[in-house]
Amino acid sequence: MADQQQQKPAIIQAPVGLVAGATYPLRALVYLTQTPRLWRYVLVPILVNLVVAVGLYVGLLFPGLQSVNNLLVDFYAWWNIQLANLPQWLSFLSVLAIILGFLLRVLLVTGLLVAIGFLLVQFGVILGGPFYGQLSEQLELARTGKLPPAEPLSLFTLLRDIGRAVLHEVKKLVLIITVGLPLLGLNFIPGLGTAIASIGGIALAATIVCIDFLDSPLERRRLHFRKKLELILRSLPASGTFGLACLGLISIPLLNLLAVPLCITSGTLFFCDRILPKLNESK
């Protein structure tokens, strides 16, 4: 154990509070570069992410960009109709339409990239699950020196774990629908409604991404979905900036091929530093 502690890679120390969560991907990158033995858990998932990403971008990005253009054409048409009913001296509002149109384009394209990155995470985490589970275990063992007791593998435990995984995804879907549908309805309000829906959608996606990247160490302790969400909320604001940082990374084309294993690593480090102490206090 003493030798293991001496060989432990250096961890960048992060400030507390709002800034801390956003630094964890960088801390994870430093950790991985200093720990070549963990790379075998990363290379195969990156290849899987590459295949999934090609399908998602070809199938969703170009049609999505066309939909954004169509939506903006409708917005400008609606705005011009409103201007036609106003006095002539208010014609300067046409400039406002150009500014709003630009902001809407930025928000909608950002939302599209976030949505594709979000889907990449969902497929990537599921398909690369066995590798990411091993990666997370090795990280937690190196960081804390121990793991929760593992149950003997049997048909019963295998079926139970499959059931827990399916139930976890169902509860995530319920959360997405419960919050996402009202946000989707706001898109029917031109301008302000679309902006609020885009910002709310990013916040929701960041929450789900945070759950995904923290799930490996949380699931090792067989915690219920509500308890996982509670621990994440108790870790605010650090968990919020962590989720937004990871969401930003997975939303950047090409970079997101590497971002998923990086965020899995950073999620385990975040758990060891900020959630595990809270979990131990509650016992």
Side-chain angles (χ1 to χ4, degrees), residues 55-86 93-123 125-126 166-215 225-226 228-230 232-233 236-237 239-253 256:
L56 288 175
Y57 281 107
V58 171
L60 296 179
L61 181 60
F62 298 112
L65 291 175
Q66 184 60 49
S67 297
V68 169
N69 289 332
N70 294 339
L71 183 60
L72 288 173
V73 168
D74 293 340
F75 168 72
Y76 288 129
W78 175 84
W79 190 273
N80 289 332
I81 292 174
Q82 305 309 309
L83 284 180
N85 298 324
L86 295 176
L93 291 177
S94 60
V95 178
L96 182 60
I98 297 175
I99 297 174
L100 287 177
F102 172 76
L103 293 175
L104 279 175
R105 181 179 295 276
V106 170
L107 282 173
L108 291 172
V109 172
T110 300
L112 178 62
L113 292 175
V114 167
I116 294 175
F118 177 77
L119 289 174
L120 176 62
V121 170
Q122 302 310 303
F123 284 109
V125 169
I126 293 174
V166 171
L167 187 60
H168 177 83
E169 296 302 320
V170 169
K171 289 182 178 179
K172 275 200 317 184
L173 184 60
V174 170
L175 178 61
I176 292 171
I177 293 174
T178 302
V179 180
L181 283 181
L183 291 174
L184 185 62
L186 289 174
N187 283 297
F188 292 100
I189 304 175
L192 181 60
T194 302
I196 294 174
S198 298
I199 295 172
I202 290 174
L204 175 60
T207 302
I208 299 298
V209 163
C210 193
I211 293 172
D212 283 335
F213 291 140
L214 291 170
D215 192 58
F225 184 84
R226 183 174 296 181
K228 295 176 183 178
L229 193 57
E230 175 193 333
I232 291 172
L233 293 176
L236 288 170
S239 59
T241 53
F242 167 75
L244 287 172
C246 291
L247 184 63
L249 288 173
I250 65 169
S251 301
I252 301 174
N256 53 18

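For this chain, numbers begin at 1 and follow the sequence in order.
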Listed by chain and number, what are the side-chain contact (heavy atoms from CB on, under 4.5 Å) partners of Ile199, not counting sequence neighbours?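 Scan of Ile199 (side-chain contact (heavy atoms from CB on, under 4.5 Å), adjacent residues dropped) gives none.
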
Work out which heavy atom in [X] is nearest to a heavy atom in [Y]; give both atom names and the distance.
X	Y	value
Leu204	Leu175	CD1-O, 4.4 Å
Leu244	Ala206	CD2-CB, 3.7 Å
Gly243	Cys210	CA-CB, 4.2 Å
Thr178	Val174	OG1-O, 2.7 Å
Thr207	Leu229	CG2-CD1, 4.3 Å
Val209	Leu247	CG2-CD1, 3.9 Å

Distance from [X] atom [atom1] to [Y] atom [atom2], nearest 0.5 Å?
X	Y	atom1	atom2	result
Lys171	Ile211	NZ	CD1	11.5 Å
Leu214	Lys228	CG	NZ	10.5 Å
Ile176	Leu183	CD1	CG	12.0 Å
Ile250	Phe213	CD1	CZ	5.0 Å

Taking salt bridge (Lys or Arg N to Asp or Glu O under 4.0 Å) as the cut-off, I'd like each qualifying pair that reaches into residues 176-187, sequence neighbours left out, listed once.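 Checked against salt bridge (Lys or Arg N to Asp or Glu O under 4.0 Å) - neighbours excluded - no pair reaches residues 176-187.
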
Contact between Lys172 and Ile208 at the side-chain level, heavy atoms closer than 4.5 Å - yes or no?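 Of all side-chain heavy-atom pairs linking Ile208 with Lys172, at least one is under 4.5 Å.
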
